[in-house]
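Have a look at the structure below before the remarks.
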Amino acid sequence: MTAPRSQNKKGLLFYCTRLIPDSELEYDIFGSGDIVRIEIPCSGRVGIGEIMQGIAEGYEKVAVLSCGEKSCLHGFGCTEAKKAYEKAIKLASVAGVDTDRLVFIEQDLGNSIYNTNGLK
Amino acid sequence: MTEQERHSLSLPEIKCETGMLEGKSAPDDSKCPVAKYRDEFVPSRLIDEAKTGWFPKGIRSCIGCELCSPSKDASFPMCVDTLVTAVGRRDEFIPLAFGGALDSIVSLQLINKYKQNRLGWIDNGIHVAGEKDKSDVGLFVGAAPYLDVLLGEEIGFNPTDESRAAVDLLNSIGISPVVLPNEVDTGADRLHEGDSEAFIKLGTINRDLYKSRGVKTIVTTCDDCCYTLRSRYRKYIPGWDFKVMRLADYLLKFGGRLTFLSAKETVAIQPPDMYTDPDGLDSVRKLLKKIPGLTIKEIESGHPSTFGGWGQFDSVTKRIETDFLKAAEKTGADTVLIPSTTMLVRLLEGRRPGSWEETSIAIKGLYQFLSAQHTVHEEFAGA
């Protein structure tokens, strides 16, 4: 799994296949503009490499939409994705990249309220 | 141009400055650590394959350790560089370390518009040249600040600790080195991917940054960085006229007054080879001999002093690492001292505390060891 080249796209969204990102949430994260969506079997599959590649490819924002820790089908997906995201934040900070460009959202299934962790 | 033509090479294109392709000198296959585990990898056979005009794909498995090179003037890794850059970037899978995270950092550095925050490890206990100051000596830190983030928690060791120890040792001989706040990667991985354009751009950024700070000599705690800065940059980066030295070599040459506290310990070190010590200075042993009471044991020769810098995190390099540590254990020493940050990270990463591969011998960085042992000279202690 690699991040596609941005071609002036506004955002890159990795999302768990069990979730459907709605337009309202996407607007909250990316504002208006084109978004590339990548559906993945589990958010735990998103590693630090994919997140950093998204930034290096020129996306204005890279977001990971994950199931909540309790609702993850595999049990560890959300935890792993969070770890990758936290490391990516530190790495971006050392590289001098604005960390607001990285967003992590934990969404519990059946719950319409998003945990907008990291969302400005 | 067809796909087949694009991948084929002509002999003039791959003519290597080492003369290895003209058959004047051949690599010694029996010394190759990769050939021991990877049957299809035979350095001399890969050269023969290249002579037919086709890119020998297997050449990417070379870890660049120089063990098979017959002499300083006939270097097999340099020959690999020539072949890889002659073909350029190819659409084939090249494994990247940390899922490509470090490669993405290099991409960001190539954009050259971000102000890095890579000096967080410099504390009040050490002195580096101020941002506007000039100094003859520069310390190349490499990817250590990024490796701190990627591995620090997992392996219980921050690679920048070696950089800190390096500055401490340089301070003790009266030098406040230049440490560049916006230094970029050496680009050796990019060169090996065939992206010589990126490699030259990275080298040019580093060259300009060091020139602007008046640096004449660059020292480093990483042998892989040292090899690239000394051998590859000289070949590919115009105007690269810096003297590049391992910190151990520098300390041996200019650190005459460096004195150490005694240590009742037995340490194992690797014998010098062409990769780390082309001039045969044997500086690591000579420096350690200055420590009273220290017993130095030598690991049997034939083990590489690099495990490959371009994403070779495969079973073969893992077995080479294990062989190296077994040889170190065989010496009966308590600790093996590693003079190269990359090698140290690779060894510690594969053998985290509690893992089944935990070794009976402690693995330590040479410069941290020296830094902990050295005494402060009155002149520099402000006495």
Side-chain angles (χ1 to χ4, degrees), chain A residues 1-9 11-14 36 38 40-64 66 76-77 79-104 118, chain B residues 89 91-122 141-155 158-160 163 179-185 189-190 193 195 198 201-202 205 209 311 313:
Chain A
M1 180 176 60
T2 52
R5 292 204 173 271
S6 82
Q7 292 165 344
N8 301 322
K9 298 266 182 192
L12 175 66
L13 176 69
F14 293 102
V36 172
I38 300 179
I40 37 178
C42 172
S43 59
R45 299 282 289 270
V46 183
I48 186 168
E50 282 78 31
I51 300 174
M52 289 313 294
Q53 199 188 344
I55 293 290
E57 292 289 352
Y59 289 94
E60 274 182 34
K61 278 196 175 179
V62 177
V64 181
S66 164
F76 57 85
T79 324
E80 289 300 313
K82 247 190 216 169
K83 266 191 210 166
Y85 165 78
E86 277 160 14
K87 274 198 175 177
I89 286 277
K90 285 184 194 165
L91 213 54
S93 164
V94 177
V97 174
D98 180 5
T99 51
D100 286 349
R101 288 173 66 186
L102 303 175
V103 180
F104 185 84
Chain B
R89 283 200 110 154
D91 294 330
E92 65 181 82
F93 174 71
I94 298 173
L96 297 169
F98 306 103
L102 275 180
D103 192 63
S104 297
I105 294 292
V106 174
S107 300
L108 290 168
Q109 289 175 341
L110 279 165
I111 300 170
N112 204 14
K113 71 168 187 183
Y114 298 104
K115 199 172 180 294
Q116 299 180 66
N117 302 307
R118 46 181 298 132
L119 303 183
W121 53 273
I122 298 174
V141 176
Y146 295 101
L147 290 170
D148 276 4
V149 176
L150 290 163
L151 288 169
E153 279 174 28
E154 277 85 353
I155 62 175
N158 283 329
T160 50
S163 315
V179 181
L180 296 174
N182 246 354
E183 178 197 293
V184 294
D185 193 84
D189 294 15
R190 287 297 177 101
E193 284 171 31
D195 190 356
K201 194 172 174 191
L202 289 164
I205 295 172
L209 288 171
F313 291 89

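Residue numbers begin at 1 in each chain, while the letters A, B, ... track the order of the sequences.
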Taking it one step at a time, do B:Glu153 and A:Lys83 satisfy salt bridge (Lys or Arg N to Asp or Glu O under 4.0 Å)?
CA-CA 12 Å; B:Glu153 279 174 28; A:Lys83 266 191 210 166; over 6 Å; no
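- For A:Ile51, no part sits under 4.5 Å from any heavy atom of chain B, backbone or side chain.
- Side-chain contact between A:Met52 and B:Ile105: present, with at least one pair of heavy atoms (C-beta onward) separated by less than 4.5 Å.
- To the nearest 0.5 Å, the span separating NZ on A:Lys87 from CZ on B:Phe98 amounts to 8.0 Å.
- Here the shortest heavy-atom pairing between A:Ala56 and B:Ser107 reads CB-CB, 3.9 Å.
- Of the atoms belonging to B:Leu110, not a single heavy atom falls under 4.5 Å from chain A.
- Considering every non-hydrogen atom in both A:Ser93 and B:Asn117, the closest pair reads O-ND2, 2.7 Å.
- The side chain to side chain contact (heavy atoms under 4.5 Å, CB included) test with A:Leu91 singles out one residue from B:Asp148, B:Val149, B:Leu102, B:Leu108, and that residue is B:Val149.
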